[in-house]
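Chain letters run A, B, ... following the sequence lines, proteins first, then strands; residues in each count from 1.
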2 protein chains.
Amino acid sequence: MAIRPAEQLIHKAAWLYYAHGLRQDQVASQLNISRASVAMYLRKARETGIVNISTSTQLFTDDVLARKLEDALSLDAVWIAPENDHIADPSTEIAVLAASVFLELVKKGDRIGVAWGRTVYMIADVMSYADLQDVTVVQLCGNLGAPYSYRPDQCTMEIARRLNAKGLNFYAPLVLSTEELARALRAEPVIREQLSGVSECDLALYSVGAVDADSHLVKCGALTPSEMADLRSQGAAGVIAGQIIDAEGKVLDCSYNRRVISAELASLRAIARRLVVVQEDSKFEPLLAAIAGGLCTHLVVGARMAQRLLDHAAATTEKAS
Amino acid sequence: MAIRPAEQLIHKAAWLYYAHGLRQDQVASQLNISRASVAMYLRKARETGIVNISTSTQLFTDDVLARKLEDALSLDAVWIAPENDHIADPSTEIAVLAASVFLELVKKGDRIGVAWGRTVYMIADVMSYADLQDVTVVQLCGNLGAPYSYRPDQCTMEIARRLNAKGLNFYAPLVLSTEELARALRAEPVIREQLSGVSECDLALYSVGAVDADSHLVKCGALTPSEMADLRSQGAAGVIAGQIIDAEGKVLDCSYNRRVISAELASLRAIARRLVVVQEDSKFEPLLAAIAGGLCTHLVVGARMAQRLLDHAAATTEKAS
DNA sequence: CACGGCTCTCGACAAAAGTCAAACTGGGCG
DNA sequence: CGCCCAGTTTGACTTTTGTCGAGAGCCGTG
């Protein structure tokens, strides 16, 4: 910044244009600058979240399917992204929708817990900018030195950056080699504080991982494919914030879980709004597990997944009756 | 509506345009309609609040003056509209700012109390549309059959309409001719309920009236100019939600006040966020009274008024020390 | 069943907004 | 002191968007 006439002018231009509804040339003459500059300021205003343009996501909850799912699974709200016909890329559609929903759920002063994964990073990537200085984004689990761009700390920081919020990173690895070390590290004041701060969050955002060789845990070297297969045969159904859960959504009793530094599931459940986003159709069982474990209050999925969930719920209640 | 393709199409067009960032012609070909129709849908989407465009009002709190006022008067937040040089119409500027601030303060699920007056109606008039179905707007005081468009019920309904919220009107006159009748009416279940519901509001919006012959109370025939002058000599300093207050912000002990049907000041004070907006420079004393009475937590005023308030506060503390 | 009245739709034009390369500005630095 | 750099500003051009009047489909009514 040369002399930073910026900030103030950007605000003024945005105000005159968006709040007063002046045309760009009128704004330009009011501020004694060229219209081209006004256009540039306005772009910056949009990019930095000084102006907010948001579209209601109602369309996606209005679906009867969404209502039925809310009832069947007792969720607070469900959004369903269409996948029929000519939607270019359903997974992008889900991410865009999730980003909008997320922004709709954030309130001033919130503390937000964010996990990691391809889905979470994709959401961060398409999220529009906002100006929420009094918001804090905290990382829900330890770090993983991955060659990918969706490392836990990157997910947290990118979302914090988009919101103009404070980002609170976790300075510990996700998995350690021994249980003792994990226990010792968890007892460290810095880590302990971070972990106990999780339940004070007002909103959480995560996806759920599959228990297979394609899992990020395997790709990042936290587990070998054969260990993963073992866990699967021991009842592993999904991955939440780096932890393995069983079909009931409980932490699986295994060495791996004991070596992980991450928010406890009870802390996650203490968060009022838990937004779960699932893009891949293959994550049906992991998602069921997360829902069974009460780890989800708000859900964003594609239409096919929604239908499967509903069919499953119907079959289950039928069997029970 | 011919066959109401509207709602759904408007939503879809808005989504593709604003959330996905497509151009209008791309949206048009996706939806198999002409670009002209897309443009029309988008306008409707903006007009109905399906898309929200809001600009941060930070610029107006950033002022040092605003900070000083917050401290001096212990208010939660102050917004100051510039009045210097080439601002076309300061009172419109204040109304536009107040509308933005108001929208920024509203949260989902809120219950909002609204009083009446020219200022409040002007704010409603420039307020942009939003889509907040779970919000309720309640009228804070009884009605006045005025020949103006800013009748209490109209203020309430207009704001409710803009927000797409529920409007709860008050079916009682503001002033009755005898104290007995007022007392009896206040005891009526319907009215009682409405009045007791006021303290459950999360947000209130009102201005403050002056005690002079120009007051709406006089114009609408609730008081004669000479009665008003009398009240003034008895210590009346301002009007809040149809009630006369003294310089300390307490209800003035007078027949008029006993004949009024309106929210009690204690109920108003029970509302967490009380947004007071003052446009006219002449309302200095009424505003002081309202602040003294703790009826204001959030304030929107013009720069001159802000300066006067600050000078007054400085003089007062100086005298005290 | 023909008639207005109604809204929705579209093509064509006018207006506004976006973009880009070139000119400019005000420090920092050799 | 003059040069360079990075960010800003601008005029001219292109693209995108807004708008208007005409036409088309639909319904209730006479």
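Not counting sequence neighbours, the partners of A:D281 by the side chain to side chain donor-acceptor pair (under 3.5 Å) test are A:R304. Every residue two or more places apart in sequence or in another chain was checked for a ring-ring contact (aromatic ring centres under 6.0 Å, His included) with B:Y129, and none qualifies. Residues satisfying the side chain to side chain contact (heavy atoms under 4.5 Å, CB included) criterion with B:K108, sequence neighbours excluded, are A:E104, B:D134. Residues passing the side chain to side chain contact (heavy atoms under 4.5 Å, CB included) test with A:R43, sequence neighbours excluded: A:M40, A:R46, A:E47. For A:Y17, there are no ring-ring contact (aromatic ring centres under 6.0 Å, His included) partners at least two apart in sequence or on another chain.
The distance from atom CG of A:L9 to atom C1' of D:dG7 is 14 Å, rounded to the nearest whole Å. Between the P atom of D:dT16 and the CD atom of B:Q26 lies a distance of 8 Å, rounded to the nearest Å. Here the P atom of nucleotide D:dT10 and the CD1 atom of A:I33 are 7 Å apart, to the nearest Å.
In the set D:dT9, C:dT9, C:dC8, the nucleotide with an atom closest to the side chain of B:K44 is C:dC8.
Between the side chain of B:R273 and the main chain of B:L205, no donor-acceptor pair closer than 3.5 Å is present.
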**Study point:** Per-nucleotide protein contact string for nucleotides 13-20 of chain C, where B marks a base within reach and S marks sugar-phosphate only (heavy atoms under 4.0 Å, - for neither)
**Key:** ---SBBB-
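Between B:S37 and C:dC10 there is a side-chain polar atom (N or O) within less than 4.0 angstrom of OP1 or OP2.
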